[in-house]
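Data block below; observations after.
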Amino acid sequence: MREYEPKEIEQKWQRKWEEEKAFEAKDPSPFPILGKKPKWYSLIEFPYPSGDGLHVGHVRSYTALDIVSRKRRMQGYNVLYPIGWDAFGLPTENYAIKTGRQPAEITKENTDNFRKQMKSLGLSFDWSREVNTTDPKYYKWTQWIFLKFFEKGLAYKAKTEVNWCPKDKIVLANEEVVDGRCERCGTVVEKREKEQWMLAITKYAERLLKDLDDVDYPESVKAQQRNWIGRSEGALVKFDDIEVFTTRPDTIFGATFIVKAGKEDRFTGQYVTNPATKEKIPVWESEYVMADYGTGAIMGVPAHDERDYEFARKHVLPLKEVIEPLVRKIGGKDGFRTDVPVKERRAVVSIIKHWSEDKYLGVDWGTTGWRGFSIGGIEEGESAADAGLREIVEETGYKNPEIMKVIPGKIHAQFFQTEKNVNRFAHFEPVLYKLKDGDMANVAEEERKLHRLFWLTPEEMESFITNPDMRLAWNRSRGNNLYAAAGSTEGGKFEEIGFLMNSGEFDGMPIDEARLKIAEKFGKKVTRYKLRDWIFSRQRYWGEPIPIIHCEKCGYVAVPEKDLPVELPKIDKYQPTDTGESPLANVEEWVNIKCPKCSGEAKRETDVMPNWAGSSWYFYRYTDPKNDQEFASKSKLKHWMPIDWYNGGMEHTTLHLLYSRFWNKFLFDLGLVPTSEPYKKRTSQGVILAPQGDKMSKSKGNVVNPDSIIDRFGADTLRLYEMFMGPFEQAIQWNDDALVGPRRFLERVWRLQDKLGGVSDEQAMHSTIKKVSEDIESMGFNTAVSAMMVWANLLEKKEKISMEEFQNFLLVLSPFAPHITEELWEILGHRSSLQKEIWPKYDESKLIRDEITVAIQVNGKVRASLTVPKEISKDELEKLTKDLPEVSKWLENREVKKVIIVPGKIINFVVS
RNA sequence: GCCGGGAUGGCGGAAUGGUAGACGCGCACGACUCAAAAUCGUGUCUCGUAAGGGGUGAGAGUUCGAGUCUCUCUCCCGGCACCA
């Protein structure tokens, strides 16, 4: 056996794969034949080819989907796993300015370097489909799609603010502004108005939001996009000449003032009429109202909005409660049901203060899982306070309570009462009592079992209470009257809703119903979004020219399709101009042009597109990268789309990921792409942090270069390490010392070639195949590697291993460590590549050992373990284990009440 | 403040409600070696000589049994943020 030399092996196989075009995807044949392979499209975010080269973070993402792609090929799929370059952007432009070189030339160097690095990792990309956003043949189609937006009225010009550096006299991109200052010179950035191209993404807000329900994205990604789109349903209501936007029209009777956006808190002197109450209410100005959201004015409802509450307190404005809270339990054994009759009942919540200390009586209802206060039904004709006096003695035994305060306002609760099998609709009235002394009467045994009593300080009470209705009662008893009945907040398993009060004809109406009715009566229903239209202009050089011509007579005219692409002219100075125009504005022979409509004098648009443009559609181009008639042919798109699995960074969630969903929907509406969502499944790798736990950055000098790791340990080790280092979706610190683990593992695998000639350990083999197969699907790469390590350790301990074991081992390891496995496969005498083999199958029936080890517990504590045949009966197992000395000593003189057996795992003796 | 995700040995982490700490790093001891490296073996949560006890951020609860489920709280990471 020769030594394991990763460098030599890896170069050999990388060369072979290239020669054999091993990873090229097969396009659909116009003549479908029997046995056609199903398609699989894996995608990683194509990189920005910076001068710094590949980052270990790229390796994490690319290796993960490389593993998935390699496994899919072995499972018989026709796999598309493409790669390309998102090469327009600032760093290259800035580098070009600094060095006086052509951005295109720099891009070429950087992509060459990235390509070399990627190949040295053994990534199974289809290199024949490489795309580059800066290639005119590519950006012709970016421009073409822009013109479609223009044609449909979704690309338009509008005045917006841009970041202006007064020292450098240039427009800055958002990413060049750090803490409000110019990244380069540190000057405070100013805002300037400028006409810019916009894309109307807001037209798609609703669909971008709704369709999130149908895609397989991490919850965090969906949540972030929903949050970013920021839909809120509400109403526009006019208070005389002032229109406000509110999501809570149901609280309009509680609106006691109006606030308009202003610089500081100020009463305007004006009064307007509340359309619901017909009362005159004051108009104020304050900073807490934003000018650019809603109508720039709000109605102040201090009883049900925290900010309004604070504002009212500060300026002594009246507060009026208009909602009675209702708490509804959803789900769980006591959740309010739809199929059971509802029984209403008045009830008192008794908040009982200690006779001498500042403590209150907490009640724990054992089986119901509730903790709060003593409660009791109110009989007909009885007052809440009197009912409480009666119940306190019955429930708690304390004989001498006295009424301190009847707390105004009802609290409603809906839940299912399990013991009575009814839906309870309770109307609670809180009353505060104080005990005169600690004298107690006898409490029936039954009652005492139902509730346990605790004397608690106010702080302890806060964490003691479980139910929101009790909490509301408690808060009110403490003088906290604010109740923002957040209509649809589903915190945990309680829904907080409510009924209207002090609201005239609407009294008693549930808030969700009142919301609609009141909106209709006093205003109109509207939906608002936080999402803004996309500013699509950059006053820069290194981007796609916007294919528009300005003609004084004809206005904005699209460049005719036959004249696309509008190529970037080669120029010497990329420095942005001091007028805030793009550097292209200086290239007169390029700018001046005849109007395509009237042939009069006209000028080209000199702004370019943002670097998010090219990446918004690149995944279509991969399906048909050389097409010069269309951005991609319909038949190829139909074959390959949607993308089955897209992995990329969390930082793109509200940018690239949202933008590309938007473009996809737009193109879908035009019938140009086949699916309304581009990505079936999206996952995100966690970031790799520097060894000290901070972010890797060039300025900190803590960037780990994959080349040096490959040089020291080999690509297989690097791949394996990055997959093994921790959960894939979690941020993790790089640790140089830990690399030897995966390397030792590969050495161990290498040495197994000398052990052939034994028989298989079937249980170990089948369970590892199962584990690895499943973990790859769920991105549990770390546990997949761990399972293979366990298996390798086991095989190494054996005198001889079987050919079947070793080959299956190489097959499941191959997606992770493709080079060493190919080499060993060849050493075994195979002529064709291992990646043409079939992914191994496992046999469920072989997963259980003949003998199983059972843990023996007494009252849940492990006292012994015993290895028994797998077919053992429950009775036999009980007999066998009972008599073990380690067990019998715990059973002596005790009655075995119950025996719990979980087959193959544990036996638990429950004793008195 | 709101939304999402976390908290387990010296470290990275593992664990369908069923023997907590798999696997890897590190460390200790041993073997091989003139020696070192590499490799292999043994050990490695904690208190205790042992029997046994304690232990997964804190506190409570459900359960025969809780790292895992429920509630309350603390802290950490990511995103949004006077969004009415």
Side-chain angles (χ1 to χ4, degrees), chain A residues 218-228 230 232 234 244-248 251 259 261 286-290 292-301 305-308 310-311 332-333 364 366-367 369-371 454 459-467 471 486 489 492-493 528-530 650-651 653-654 686-687 720-721 724-727 729-742 744-745 747-748 751 780 782-783 785-790 792-793 796 853-865 889 897-902 904-911:
Chain A
E219 205 37 58
S220 55
V221 170
K222 288 189 182 186
Q224 253 184 67
Q225 289 207 353
R226 286 191 187 113
N227 198 326
W228 186 260
S232 55
V244 302
F245 172 67
T246 177
T247 53
R248 295 295 310 277
T251 63
V259 192
S286 174
E287 207 185 3
Y288 87 90
V289 173
M290 297 196 313
D292 62 350
Y293 185 78
T295 61
I298 60 144
M299 61 179 202
V301 184
D305 181 278
E306 236 173 288
R307 287 153 312 171
D308 295 347
E310 270 167 37
F311 190 77
K333 59 184 177 191
D364 183 327
T367 50
W370 293 17
R371 288 200 309 257
F454 302 89
E459 292 75 42
E460 288 168 338
M461 189 59 83
E462 293 289 334
S463 61
F464 178 80
I465 301 169
T466 51
N467 297 31
R471 191 171 296 282
T489 332
K493 291 211 175 107
R528 287 285 135 111
Y529 301 90
K530 281 196 267 180
M650 274 308 283
E651 69 275 18
T653 300
T654 55
V687 290
L720 217 41
Y721 167 71
F724 180 62
M725 67 196 299
E729 309 209 75
Q730 196 174 296
I732 197 144
Q733 292 177 29
W734 184 267
N735 179 4
D736 257 336
D737 296 334
L739 274 153
V740 295
R744 282 176 191 157
F745 163 69
E747 303 263 9
R748 205 165 294 167
R751 286 195 303 267
N782 54 334
T783 46
V785 175
S786 157
M788 291 187 284
M789 285 173 166
V790 172
N793 292 346
E796 196 178 43
T853 303
V854 177
I856 304 146
Q857 300 181 339
V858 179
N859 279 351
K861 282 203 188 295
V862 179
R863 297 301 180 188
S865 68
K889 72 175 178 187
K897 283 191 191 161
K898 210 169 162 189
V899 181
I900 289 151
I901 295 175
V902 181
K905 290 257 168 81
I906 60 136
I907 173 165
N908 187 13
F909 294 96
V910 183
V911 298

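So you know, we letter chains A, B, ... as the sequences are listed, proteins then strands, and number each from 1. These numbers come from a predicted model, not from an experiment.
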Base-pairing assignment for [N] (Watson-Crick or G-U wobble, both under 3.5 Å):
N: B/rU39; result: B/rA31
N: B/rC2; result: B/rG79
N: B/rG59; result: B/rC71
N: B/rG21; result: none

What integer distance in Å separates [X]:[atom1] from [N]:[atom2]?
X: A/F724; N: B/rA22; atom1: CZ; atom2: P; value: 11 Å
X: A/M789; N: B/rG12; atom1: CE; atom2: P; value: 17 Å
X: A/I906; N: B/rU19; atom1: CD1; atom2: P; value: 8 Å
X: A/M788; N: B/rA14; atom1: CE; atom2: P; value: 16 Å
X: A/Q733; N: B/rC11; atom1: CD; atom2: C1'; value: 9 Å
X: A/D737; N: B/rC25; atom1: CG; atom2: P; value: 11 Å
X: A/M725; N: B/rA14; atom1: CE; atom2: P; value: 13 Å
X: A/K897; N: B/rU63; atom1: NZ; atom2: P; value: 13 Å

Original post:
What string of B, S and - do you get for nucleotides 36-44 of chain B 5' to 3' if you count protein non-hydrogen atoms under 4.0 Å?
Top reply: ---SS----
Subject >> Where protein sits on nucleotides 74-84 of chain B, one letter per nucleotide: B base, S sugar-phosphate only, - none, heavy atoms under 4.0 Å >> reply: -----BS-BBB
So [X], base contact, sugar-phosphate only, or nothing? Heavy-atom distance under 4.0 Å.
X: A/P218; answer: nothing
X: A/V790; answer: sugar-phosphate
X: A/S786; answer: base

Where the side chain of [X] is concerned, which of [options] is the nearest nucleotide?
X: A/V740; options: B/rG12, B/rG26, B/rG18; value: B/rG26
X: A/I732; options: B/rG12, B/rU16, B/rA22; value: B/rG12
X: A/K861; options: B/rG54, B/rC3, B/rU19; value: B/rG54

**OP:** Could you please spell out the steps behind the side chain to side chain contact (heavy atoms under 4.5 Å, CB included) verdict for A/F745 and A/M788?
**Re:** CA-CA 9 Å; A/F745 163 69; A/M788 291 187 284; 4.0 Å; yes
Subject >> All ring pair (Phe, Tyr, Trp, His ring centres under 6.0 Å) counterparts of A/W734, not counting sequence neighbours >> reply: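 Here the qualifying residues are A/Y721.
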Subject >> Pairing residues for A/Y293 by the ring pair (Phe, Tyr, Trp, His ring centres under 6.0 Å) criterion, not counting sequence neighbours >> reply: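 With sequence neighbours excluded, A/Y293 shows a ring pair (Phe, Tyr, Trp, His ring centres under 6.0 Å) to no residue whatsoever.
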**OP:** For residues A/N908 and A/G860, report the shortest heavy-atom separation together with the two atoms involved.
**Re:** OD1-N, 3.1 Å
**OP:** Considering non-hydrogen atoms only, spot the tightest contact between A/N793 and A/R748 and give its length.
**Re:**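 Looking at all heavy atoms of both residues, the shortest contact is OD1-NH1, 2.6 Å.
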[X] side chain near [Y] side chain, heavy-atom distance below 4.5 Å:
X: A/D305; Y: A/R307; result: yes
X: A/V910; Y: A/I900; result: yes
X: A/T246; Y: A/I298; result: no

Original post:
Hey, is CD on A/E796 packed in by over 12 heavy atoms from elsewhere, all under 6.0 Å?
Top reply: yes
Pairwise [atom1] distance, [M] and [N] [rounded to whole Å]:
N: B/rG54; M: B/rC3; atom1: P; result: 39 Å
N: B/rA7; M: B/rG21; atom1: C1'; result: 16 Å
N: B/rG65; M: B/rA15; atom1: C1'; result: 16 Å
N: B/rC45; M: B/rG67; atom1: C1'; result: 14 Å
N: B/rG10; M: B/rU44; atom1: C1'; result: 11 Å
N: B/rC40; M: B/rC32; atom1: C1'; result: 8 Å
N: B/rG13; M: B/rG26; atom1: C1'; result: 14 Å
N: B/rG18; M: B/rC71; atom1: C1'; result: 24 Å

Pull out every protein N or O sitting under 3.5 Å from an N or O of nucleotides 50-52 of chain B, one pair per line with the distance.
residue, atom, partner, partner atom, Å
B/rG52, OP1, A/K889, NZ, 3.1

Subject >> Pairing residues for A/M650 by the side chain to side chain contact (heavy atoms under 4.5 Å, CB included) criterion, not counting sequence neighbours >> reply: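 Partners of A/M650 by the side chain to side chain contact (heavy atoms under 4.5 Å, CB included) criterion, ordered by chain and then number, come out as A/S220, A/V221, A/Q224, A/T653, A/S684.
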Original post:
Does B/rG9 sit syn or anti, given that only angles within 90° of 0 count as syn?
Top reply: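 Syn for B/rG9; the angle stays within 90° of 0.
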Measuring from atom [atom1] of [X] to atom [atom2] of [Y], what distance do you get when rounded to the nearest 0.5 angstrom?
X: A/Q857; Y: A/R863; atom1: CD; atom2: CZ; answer: 10.0 Å
X: A/K530; Y: A/W228; atom1: NZ; atom2: CH2; answer: 9.0 Å
X: A/M789; Y: A/L720; atom1: CE; atom2: CG; answer: 6.0 Å

For a quick test of reading the model: is some side-chain N or O of [X] closer than 4.0 Å to OP1 or OP2 of [N]?
X: A/N859; N: B/rG65; result: no
X: A/N735; N: B/rG24; result: no
X: A/Q730; N: B/rG12; result: no

Subject >> Audit row: A/Y529, A/S232, side chain to side chain contact (heavy atoms under 4.5 Å, CB included) steps and yes/no >> reply: CA-CA 6 Å; A/Y529 301 90; A/S232 55; over 6 Å; no
Original post:
Of A/P727 and A/A223, whose closest RNA chain B nucleotide lies nearer the 5' terminus?
Top reply: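 Whichever sits nearer the 5' end wins; that is A/A223.
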Original post:
Are the side chain of A/N782 and the backbone of A/F724 linked by a donor-acceptor contact shorter than 3.5 Å?
Top reply: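 No; zero donor-acceptor contacts below 3.5 Å.
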Original post:
Donor-acceptor pair under 3.5 Å: do we get one between A/Q857's side chain and the base of B/rG18?
Top reply: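 Counting by modelled atom types and ignoring angles, a donor-acceptor contact under 3.5 Å is found here.
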